[in-house]
Amino acid sequence: MQGTEKRIRPLILAPAGGKDAFLAALSAGADAVYCGLKLFSARMAAENFTVAELSRLTSLAHGRGVKVYVAFNTLLKPDEVDTAARLMDQVRLHVRPDALIIQDLAFVALARQVGFNGELHLSTLANASFPAALEVIGKLAGIHRVVIPRELSINEVKRMAAACPENLSLEIFVHGALCYGVSGRCYWSSYLGGRSGLRGRCVQPCRRMYRSAGETKRFFSCQDFSLDVLAKILLSEEKISAWKIEGRKKGPHYVYSVVSAYRLFRDHGNDPAAKKEAMGLLANALGRPGTHYHFLNQRPQEPVRTDIQTGSGRLVGKIQGSLKQPFFRPNLELLFGDILRFGYEDEAGHQTYRVKRPIPKNGRMVLTSATGKLPRSGAPVFLIDRREPIVSVQLAELEKRLEQIPLPAVEPSGITISYKRRSVSGRKSRPGAALEMTVFRRTGKHRRDGETGLWLSESSAGPMSKKETASCWWWLPPVIWPERESTWRGLVQQVLQRGGRRFVLNAPWQMALFDGDMSTTFWAGPFCNISNLPALEQMAGIGFHGVIVSPELGRKDYELLASASPLPLGIVLSGHWPLCVSRTTSSEIQLEKPFTSPKGEQAWMRAYDGDYWVYPNWRLDISPNREALIKSGYQLFVHLSEPVPRSIEVKNRPGLWNWDLDLQ
């Protein structure tokens with residue numbers, strides 16, 4: 001019996017964006033800690049670590065029986081492959097982590113080449129969102145665990161667990177910030193400013209104010225995800241090996257409080273006193289208000305509420321008084337060293353401030369120019385970090401132990417990564433020179449001077465003749481949810497039975513819907529986010545015949561990709577590209593009606609198959625560079641034909657996206 005309990009008890013996996021947060025995770029009793037380096041981490045705004053720093057901390061953690069996972073979970077550009085491999089080699093030699101967390105399939109190949117023998121965990125950014133996907137992932141040598149999306153209900157989680165192969169386990173988020181867009185399917189920050197969420201540099205445009213129907217609100221700013229007492233339901237699922245807490249940009253107080261709370265939920269979930277203590281810890285963890293989101297099928301909660309504050313941290317008051325002498329009265333006692341944030345990060349006067357002396361509850365804290373630019377009257381004040389005396393004592397003790405571990409001398413890695421160009425001769429899917437494809441939403445549309453693509457749906461799969469079905473390229477959606485897997489499998493089979501043989505898959509795992517049909521031509525779609533040569537090799541190995549590369553990249557990246565690609569390449573040349581795809585929306589946003597950012601950027605939303613696509617009111621258009629792309633070796637040019645609502649005025653502006661930028 002004891003063996004069974006130990007086998008199914010999930011690890012409490014804590015975030016660590018800096019040294020103090022790492023030590024707080026150890027102090028609170030985390031079973032594992034995940035963190036990132038100064039490069040290739042999906043939280044580049046966190047403090048993060050050098051290899052030497054992480055080596056010492058990992059040694060300390062391993063001495064206490066705590067696992068360490070290192071995140072290499074960003075999109076990798078073609079000229080970054082060698083740098084990433086050398087950094088991974090240094091991590092292998094000096095840090096010796098238990099696992100690497102990856103998004104980009106290139107890292108599977110790089111891990112093999114550098115000789116890393118720990119586990120590989122597939123990030124939620126890789127969008128393994130439906131049960132059959134796990135079958136394909138299980139066949140990828142080296143993947144040991146899959147981090148599943150936050151949007152799933154408990155019934156969908158159970159379906160994922162039931163389908164999980166013997167050689168895989170699952171990791172589930174139990175607490176932390178929610179992105180409005182589905183992970184791996186959000187391009188909002190990149191499209192508006194070249195800072196990619198897939199590369200850990202999101203500037204969080206979804207948290208900003210937008211104007212819709214005469215009102216200005218934060219229509220897309222989500223509450224924090226919090227399973228709290230519901231987490232105990234997951235204990236019966238043996239395939240769930242870890243409960244993950246989000247928060248690598250959070251301070252040690254948050255990490256200590258949330259880890260402590262979920263240890264109580266896991267180990268004493270049926271004890272009323274323990275549950276009460278755990279809920280108190282979460283209430284004081286300095287996060288946003290919490291939501292269960294879709295977890296309970298019978299009682300789903302919308303994660304966006306415009307009637308409450310959704311700034312990171314605990315709301316402790318609002319600025320009062322005049323601009324020359326503002327003050328506020330905190331609704332709880334402030335301690336020496338507490339860190340406050342005045343206003344939202346997108347507001348004028350936003351700043352952080354460390355409390356210099358204790359302030360009693362409802363006491364008066366006067367702000368002076370010495371604190372920086374003074375915030376406006378009415379601005380919210382958030383407590384974003386603090387040092388409880390008991391936590392400070394424990395961290396100081398761990399700091400002493402850490403100092404006894406010498407910093408290693410980290411030498412540059414001399415490892416060389418090799419590429420094998422695969423032969424593409426004889427591949428039936430290889431298009432001729434400069435082939436054009438227009439992708440439509442509706443049947444009845446057809447491109448006469450090129451290929452026709454059609455987004456697969458219940459309305460598009462049936463009406464076409466067998467000849468039209470066979471000649472069409474069928475596009476699968478960017479995300480498939482467990483409750484809809486059987487529907488999508490049925491639609492695929494319907495197209496196959498009517499002679500359709502050419503498909504564009506927008507996640508590599510969508511191959512699982514075809515039951516091993518080898519007569520089918522598969523191209524990887526642009527939502528697969530393929531951006532480098534090792535990833536192209538992985539796609540060839542999985543069985544793809546061509547790749548439509550990530551639309552986020554720039555001119556230099558596209559040239560490097562085409563120079564030695566093992567597969568024919570395509571690219572999205574023009575059309576409406578979504579800012580994001582989401583599983584939720586605010587009830588205050590009207591579909592197919594405009595909303596506007598403070599900078600005058602207009603967008604609109606449309607629902608497809610239960611998901612919400614957010615579009616800007618200007619088109620991606622790199623067609624002026626078509627000839628340069630042909631010379632580089634691109635063979636397939638895609639045009640996305642999205643019906644524009646009558647209420648939307650399409651703006652005439654350059655749609656080059658990151659063509660002339662160095663993607664950050």
Side-chain angles (χ1 to χ4, degrees), residues 127 129 149-151 178-193 197 202-223 291 293-294 300-307 310 346 439-442 455-460 475 477-481 484 506 526-527 551 572 575-620 640-651 653 655 657:
N127 196 243
S129 61
R150 298 165 175 83
E151 290 88 352
L178 277 172
C179 294
Y180 179 76
V182 176
S183 290
R185 300 295 180 261
C186 185
Y187 307 87
W188 207 326
S189 177
S190 176
Y191 202 89
L192 296 185
C202 180
V203 297
Q204 297 186 318
C206 60
R207 299 282 183 194
R208 297 175 186 169
M209 302 287 281
Y210 289 87
R211 186 168 182 81
S212 175
E215 293 191 281
T216 301
K217 296 181 179 180
R218 300 185 187 276
F219 295 109
F220 307 99
S221 185
C222 293
Q223 301 166 253
T291 174
Y293 200 7
H294 291 152
Q301 298 176 347
E302 290 299 340
V304 178
R305 287 181 55 187
T306 61
D307 61 331
T310 54
D346 61 340
V439 185
F440 299 100
R441 285 286 182 184
R442 302 168 182 163
W455 287 100
L456 181 61
S457 68
E458 290 177 283
S459 61
S460 68
W475 282 56
V479 57
I480 291 174
W481 302 111
R484 297 274 293 167
N506 276 297
F527 289 95
V572 177
H576 275 100
W577 183 265
L579 297 176
C580 77
V581 177
S582 176
R583 203 180 188 185
T584 189
T585 186
S586 168
S587 59
E588 298 180 78
I589 288 288
Q590 295 181 334
L591 295 182
E592 304 193 9
K593 298 293 184 181
F595 60 87
T596 308
S597 79
K599 294 184 177 181
E601 299 150 337
Q602 193 179 96
W604 49 281
M605 183 185 297
R606 173 174 279 144
Y608 287 117
D609 298 304
D611 290 325
Y612 299 92
W613 296 54
V614 180
Y615 289 99
N617 73 329
W618 68 94
R619 290 158 49 93
L620 165 67
L640 300 175
S641 177
E642 181 67 31
V644 178
R646 292 181 180 179
S647 62
I648 302 300
E649 181 180 351
V650 177
K651 191 172 183 179
R653 61 178 288 180
W657 199 345

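A donor-acceptor pair under 3.5 Å is absent between the side-chain atoms of Ser457 and the main chain of Asp609, judged by distance alone. The closest donor-acceptor contact from the side chain of Ser189 to the backbone of Gln204 lies at 3.5 Å or more, if one exists at all. Side-chain atoms of Arg606 come within 3.5 Å of backbone atoms of Pro643 as a donor-acceptor pair (strictly under, hydrogens ignored). Of the possible donor and acceptor atoms, none in the side chain of Arg619 sits under 3.5 Å from a partner among the backbone N and O of Lys651.
No salt bridge links Arg484 with Asp611; every basic N to acidic carboxylate O contact stays at or beyond 4.0 Å.
For the pair Arg150 and Tyr293, the cation does not sit on the ring face, since its NZ or CZ is not both under 6.0 Å from the ring centre and inside 45° of the axis.
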Would you please test Trp475 and Phe527 for ring pair (Phe, Tyr, Trp, His ring centres under 6.0 Å) and show each step? CA-CA 11 Å; Trp475 282 56; Phe527 289 95; 8.1 Å; no

Using the ring pair (Phe, Tyr, Trp, His ring centres under 6.0 Å) rule, take Trp577 and Tyr187 through it: C-alpha gap first, then chi angles, then the decisive distance, then the call. CA-CA 9 Å; Trp577 183 265; Tyr187 307 87; 5.4 Å; yes

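Ring orientation note: the planes of Phe220 and Tyr210 are nearly perpendicular, at an angle over 60° on the 30°/60° scale.
Between the CH2 atom of Trp188 and the OG atom of Ser582 there is a distance of 9.0 Å, given to the nearest 0.5 Å. Atom CD1 of Ile589 is separated from atom OG1 of Thr306 by 9.5 Å, given to the nearest 0.5 angstrom.
Under the rule for a side chain to side chain donor-acceptor pair (under 3.5 Å), the partners of Thr216 that lie at least two apart in sequence or sit in another chain are Arg211.
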